[in-house]
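Okay, structure first, notes after.
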Amino acid sequence: MNAHCDRAAWLLGPKHACQGQPAVVQPTRRIVLLGAPGVGKGTQSALIAATYGACPLSTGDIFRAARASEATDLTPPMREAIDHMHRGELVPDNTVLRLVRERMRCLTCSGGFILDGFPRTVPQAAALDVLMAEHQVFIELALSYELPETELIARISGRRICPACTSIYHEQMRPAKRTGICDRCGTGLVQREDDKPAAAQLRQRAYQAATAPLLTYYANRDVLVHIDASGSPEVVFSRTQAAITRKLGLGS
Ligand code: AMP
């Protein structure tokens, strides 16, 4: 990940400055990742960021970062959002959109971005388009990762994350070098509360009901590419790169 991608402004809010934006305006890379929970969007987002330099921005990470901060700092809407997240329900659009609006600087950053987990509903996508159009920036590519539901459940049950640096592992497919310890920062890995079976099932249903309609939304804007998400992260990433080259004309 590039030095400017410390994501402080995204994870912690507008009072926190990132280490610095790229001095040179980069070719545009404003990408949205779509796909059911467990499909591997977070892993692809990190790989795209490492290769193309755009910042990986996840709304789920904002909620997890807030939860990890001092509980007394949490506003009532943020507490409510975290409760929704733990149950596997979507956070209300208004709460999510308020957080994104506060972080518009990230969406107009000259380094570009990869959005993972936002937008998640058609009203969120429409609001995002309006916000970005005010700054003359646009979503250029929406990648939809696709996998059968049985495989999604297997991926979710083995997923472990680092609560400190948000790195993602999988017990079988992408194990940490030392079991249960983050390779990058040495923190103990955990299973996300919402990766536990009951919440994981609810999230699949929420995806089908609320997020799948976004495929039509982005297809109508001619920015959608479907990606087969089966195979190793590296194999999926080679498909991702082919789509980025084809649609955005970017080499790695
Ligand atoms: P994720 O890490 O993207 O799977 O997000 C984890 C959880 O955070 C989701 O299951 C929701 O409860 C909540 N969440 C994250 N992003 C959004 C969003 N854009 N809209 C509604 N809820 C969200």
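Note that ligands are numbered from 1 as they come in the structure, with each ligand's atoms numbered from 1 the same way. Every heavy atom of this structure was used, including side-chain atoms; hydrogens, water molecules and symmetry mates were not.
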Please report the C-alpha distance between R120 and T211 in whole Å, then the side-chain angles of each, then the deciding distance to 0.1 Å, and finally whether the side chain to side chain donor-acceptor pair (under 3.5 Å) criterion is met.
CA-CA 5 Å; R120 233 180 176 100; T211 312; 4.8 Å; no

Carefully, step by step, assess Y145 and L34 under the rule side-chain contact (heavy atoms from CB on, under 4.5 Å).
CA-CA 6 Å; Y145 292 92; L34 301 169; over 6 Å; no

Please assess V32 against L143 for the test side-chain contact (heavy atoms from CB on, under 4.5 Å), listing each intermediate value before the final yes or no.
CA-CA 6 Å; V32 166; L143 298 171; over 6 Å; no

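Among protein heavy atoms, atom 10 (O) of ligand 1 sits closest to R203 NE, 3.7 Å. Closest to atom 14 (N) of ligand 1 among all protein heavy atoms lies F63 CE1, 3.7 Å. Closest to atom 2 (O) of ligand 1 among all protein heavy atoms lies R64 NH2, 2.8 Å. Nearest protein neighbour of atom 13 (C) of ligand 1, counting heavy atoms only, is V91 CG2, 3.8 Å. For atom 15 (C) of ligand 1, the closest non-hydrogen atom on the protein side is R120 NH1, 3.4 Å.
You'll find the side chain of P119 reaches within 4.5 Å of the side chain of Y218, heavy atoms only. Contact check for I244 versus I31: side-chain heavy atoms found under the 4.5 Å cut-off. Under the 4.5 Å side-chain criterion, counting only non-hydrogen atoms from C-beta, V225 is in contact with K247.
Taking every heavy atom of D194 and a limit of under 4.0 angstrom, the matching atoms of ligand 1 come to 6 (C), 7 (C), 10 (O). Of all the atoms in ligand 1, the ones that sit under 4.0 Å from a non-hydrogen atom of F118 are 19 (N). Taking every non-hydrogen atom of L90 and a distance limit under 4.0 Å, the qualifying atoms of ligand 1 come out as 21 (C), 22 (N). Close contacts between ligand 1 and Q124 involve ligand atoms 18 (C), 19 (N), 20 (N), 21 (C) [criterion: under 4.0 Å to a heavy atom]. Atoms of ligand 1 found under 4.0 Å from any heavy atom of E89, numbered from 1 in the order shown, are 11 (C), 12 (O).
Side-chain heavy atoms closer than 4.5 Å link hydrophobic residues (I, L, V, M, F, W, Y) into clusters, and following such links, even through other members, never connects M173 to L147.
The N/O atoms of H84, backbone and side chain alike, include none that comes under 3.5 Å of an N/O atom in ligand 1. Taking any N or O of G117, backbone or side chain, at least one lies under 3.5 Å from an N or O belonging to ligand 1. Between D61 and ligand 1, no N or O atom pair is found at a separation short of 3.5 Å. The shortest N/O to N/O separation between T59 and ligand 1 falls below 3.5 Å. Looking at ligand 1, you won't find any N or O of D116 less than 3.5 Å from one of its N or O atoms.
Under the side chain to side chain donor-acceptor pair (under 3.5 Å) criterion, S144 pairs with E146, not counting sequence neighbours.
Cation-pi geometry between R221 and Y217 is met: the NZ or CZ atom falls under 6.0 Å from the ring centre, inside 45° of the normal.
A salt bridge does not link E193 to R64: none of the charged side-chain nitrogens sits closer than 4.0 Å to a carboxylate oxygen. One finds a salt bridge joining R160 and E171 here, because a Lys/Arg side-chain nitrogen approaches an Asp/Glu carboxylate oxygen to under 4.0 Å.
One option in M85, E193, K41 has a heavy atom closer to atom 7 (C) of ligand 1 than any other, and that option is M85.
Only the side chain of R192 comes within contact range of ligand 1, with a heavy atom under 4.0 Å; no backbone atom does.
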